[in-house]
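Written below as structure tokens is the structure these notes are about.
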Amino acid sequence: MTRSGVNSSGETAHDHTPSVVVLDAPGAGYVEGADLEQEIISPFGRVRPLIVPAQDHGRLHELGADYVILWHRVSLNADFFRKSDACRAVVCASVGYDHVDIEAARARGIPVYHVPHYGTEEVADHTLALFLALERRLGELRRHVSDGGWDWRAIGDPRRLREMVWGVVGLGRIGLAVARRAQAFGLRVVFFDPYNHPGIEKALGMERQHHLDQLLEESDVVSLHVPLTTDTRHLLDAGRLHRMKQKSVLINTARGALIDISALEGALAEERPARVGLDVVEGEPDIPPWLRAHPRALISPHAAFYSVPSLAELRARAAEAVRQMISGEPVTTAVAVP
């Protein structure tokens, strides 16, 4: 197989050494080699890193790989699972798994795993960084000083953090880490999570909202920490965005399509929300020009997950999951997709 396309692996029925393929997309930058993966998986199997152009996604079933480590810019659809005779398991090198047709995998009995417990600290820190930069108007202040100014009033009308309410949507690992950080800054934290344990709010010293609309109406800042599913796609549509408090802040470091990007422009015009911090955007990396240039939008290129240790942790956990499967051990470094 070459870096320019997908071809047959050339394996024979007599080759019993498991084949592991690490899939990335051109320009994504996650896979440059598979030295770490090979170190962990050897001598149980051999690893091939592959860069797959979009036009070749429909031929991924020709890989002949026993195990696939999948980065999020490459998708595995129903056609892959129908036609792939060799694939035994897929490990998503990510928290999200919306780029895999889970139902098709289940129909073929192919388990899918993801790595939800890496990079929690980085994403939570990035979420707070986006909020603080927006609320303290760091972008405006930097431009003011760069233009030769030196007037404290250029900061505009920021609020006192201790008088604000932070609404967390999804109190999982990252949502809880964000909530703890917000509490440390003195914000009152409320959360919406219909799947979390009853009474957990008492243990955490937070307030639970049983209706998302109520959280949106009450919160000065809202951050999203839920997976992208059919139920959560466009979770914040035009109607829900309009329910947000005027002059509120919206932060998304989860999945871009949680927010209806077509409705966001009008919502910003109404200042519901007034400012947005986005590490993920629906349709990325194709970002609408109006959003790229919006003076009240702070956007980072899906970088919240990243630090040198977090990327190494993610690669290692994904590779270790494959090694455990090949050797017949219980998988402890990744989690089966529910």
message: Please check this pair: side chain of Thr333 against backbone of Ala321, looking for a donor-acceptor N/O pair closer than 3.5 Å.
response: yes
field: Ionic contact status for Arg188 with Glu218, cut-off 4.0 Å
entry: yes
- prompt: Any side-chain heavy-atom pair from Asp101 and Phe80 closer than 4.5 angstrom?
  reply: no
- prompt: Under 4.5 Å between any side-chain heavy atoms of Glu140 and Ile155, yes or no?
  reply: no
Ile259 and Val276, any side-chain heavy atoms less than 4.5 Å apart: no
query: Got a salt bridge between Arg82 and Asp79, using NZ or NE/NH1/NH2 to carboxylate O under 4.0 Å?
result: yes
task: Keeping the roles fixed (side chain from Asp24, backbone from Tyr30), state whether a donor-acceptor pair exists under 3.5 Å.
output: yes
- request: Taking all non-hydrogen atoms of both residues into account, name the closest pair between Ala34 and Val47 and its distance.
  value: CB-CG1, 3.6 Å
Min side-chain heavy-atom separation Tyr67-Arg88 under 4.5 Å: yes
task: Give the cluster check for Leu204 versus Val178: same hydrophobic cluster or not, with ILVMFWY residues linked at side-chain heavy-atom distances below 4.5 Å.
output: yes
- line: In this structure, CG of Leu134 is separated from CG of Leu130 (nearest 0.5 Å) by 6.5 Å
query: How long is the span from the CG atom in Leu132 to the CZ atom in Arg181, to the nearest 0.5 Å?
result: 12.0 Å
field: Contact check, side chains of Glu284 and Ile287, non-hydrogen atoms, under 4.5 Å
entry: yes
- prompt: Minimum heavy-atom separation for Val21 to Arg48, with atom names?
  reply: CG2-NH2, 3.1 Å
- prompt: Is the shortest distance from a Lys or Arg side-chain nitrogen in Asp157 or Arg137 to a carboxylate oxygen in the other one below 4.0 Å?
  reply: yes
Test item: Gln38 side-chain N/O and Arg46 main-chain N/O as donor-acceptor pair under 3.5 Å: no
Minimum heavy-atom distance Ala319-Ile41, with the two atoms named: O-CG1, 3.7 Å
query: Hey, are the side chains of Leu171 and His225 touching, using non-hydrogen atoms and a 4.5 Å cut-off?
result: no
message: Between Asp220 (side chain only) and Ser248 (backbone N and O only), is there a donor and an acceptor less than 3.5 Å apart?
response: no
- prompt: Going from CG on Leu311 to CG on Leu36, what distance comes out if it is rounded to the nearest 0.5 angstrom?
  reply: 9.0 Å
query: CD/Glu265 to CG/Asp260 distance, rounded to the nearest 0.5 angstrom?
result: 12.0 Å
- prompt: Is the shortest heavy-atom distance from the side chain of Asn252 to the side chain of Leu236 under 4.5 Å?
  reply: no
- prompt: Under 6.0 Å from the CZ atom of Arg208, do we count more than 12 heavy atoms belonging to anything else shown?
  reply: yes
- prompt: Quick one: do Ile110 and Val68 end up in the same hydrophobic cluster if we chain Ile, Leu, Val, Met, Phe, Trp and Tyr together by side-chain heavy atoms under 4.5 Å apart?
  reply: yes
field: Ile174 CD1 to Leu224 CG distance, which is reported to the nearest 0.5 Å
entry: 12.0 Å
- line: Scanning both residues in full, the closest heavy-atom pair of Ala318 with Ala93 reads CB-CB, 4.5 Å
query: Any salt bridge between Arg317 and Glu320, counting N to O under 4.0 Å?
result: no
query: Does atom CD of Glu39 have more than 12 heavy-atom neighbours from other groups under 6.0 Å away?
result: no
- prompt: Got a donor-acceptor contact below 3.5 angstrom from the Arg255 side chain to the Pro227 backbone?
  reply: no
message: Taking Thr229's backbone N and O only, do any of them form a donor-acceptor pair with Thr232's side chain (distance below 3.5 Å, no angle check)?
response: yes
query: Looking only at atom types and distance, does a side-chain atom of Asp151 sit under 3.5 Å from a main-chain N or O of Arg153, one as donor and one as acceptor?
result: yes
Verify same cluster id: Val226, Phe191 (apolar side-chain graph, 4.5 Å): no
task: Flag the pair Pro285 / Arg73 as yes when at least one side-chain heavy-atom distance between them is below 4.5 Å, and no otherwise.
output: yes
query: Taking all non-hydrogen atoms of both residues, which atom of Val95 and which atom of Tyr118 are closest, and how far apart?
result: CG2-CE2, 3.7 Å
query: Would you say Ile40 and Val115 are hydrophobically clustered, going by side-chain heavy atoms of ILVMFWY under 4.5 Å?
result: no
message: For Ile261, is there any backbone N or O sitting under 3.5 Å from a side-chain donor or acceptor partner on Glu282?
response: yes
Donor-acceptor contact below 3.5 Å, side chain Ser94 vs main chain Gly96: yes
Residues Lys83 and Glu62 bridged, charged N to O under 4.0 Å: no
From CG (Leu216) to CG (Leu235), nearest 0.5 Å: 8.0 Å
- prompt: Is there a donor-acceptor contact under 3.5 Å from the side chain of Asp66 to the main chain of Ser19?
  reply: yes
message: So, applying side chain to side chain donor-acceptor pair (under 3.5 Å) with Glu135, which one of Arg160, Arg275, Arg159 is it?
response: Arg159
Ring center gap for Phe131 and Trp166 short of 6.0 angstrom: yes
Minimal non-hydrogen separation, Thr253 against Val280, with atom names: C-CG2, 4.1 Å
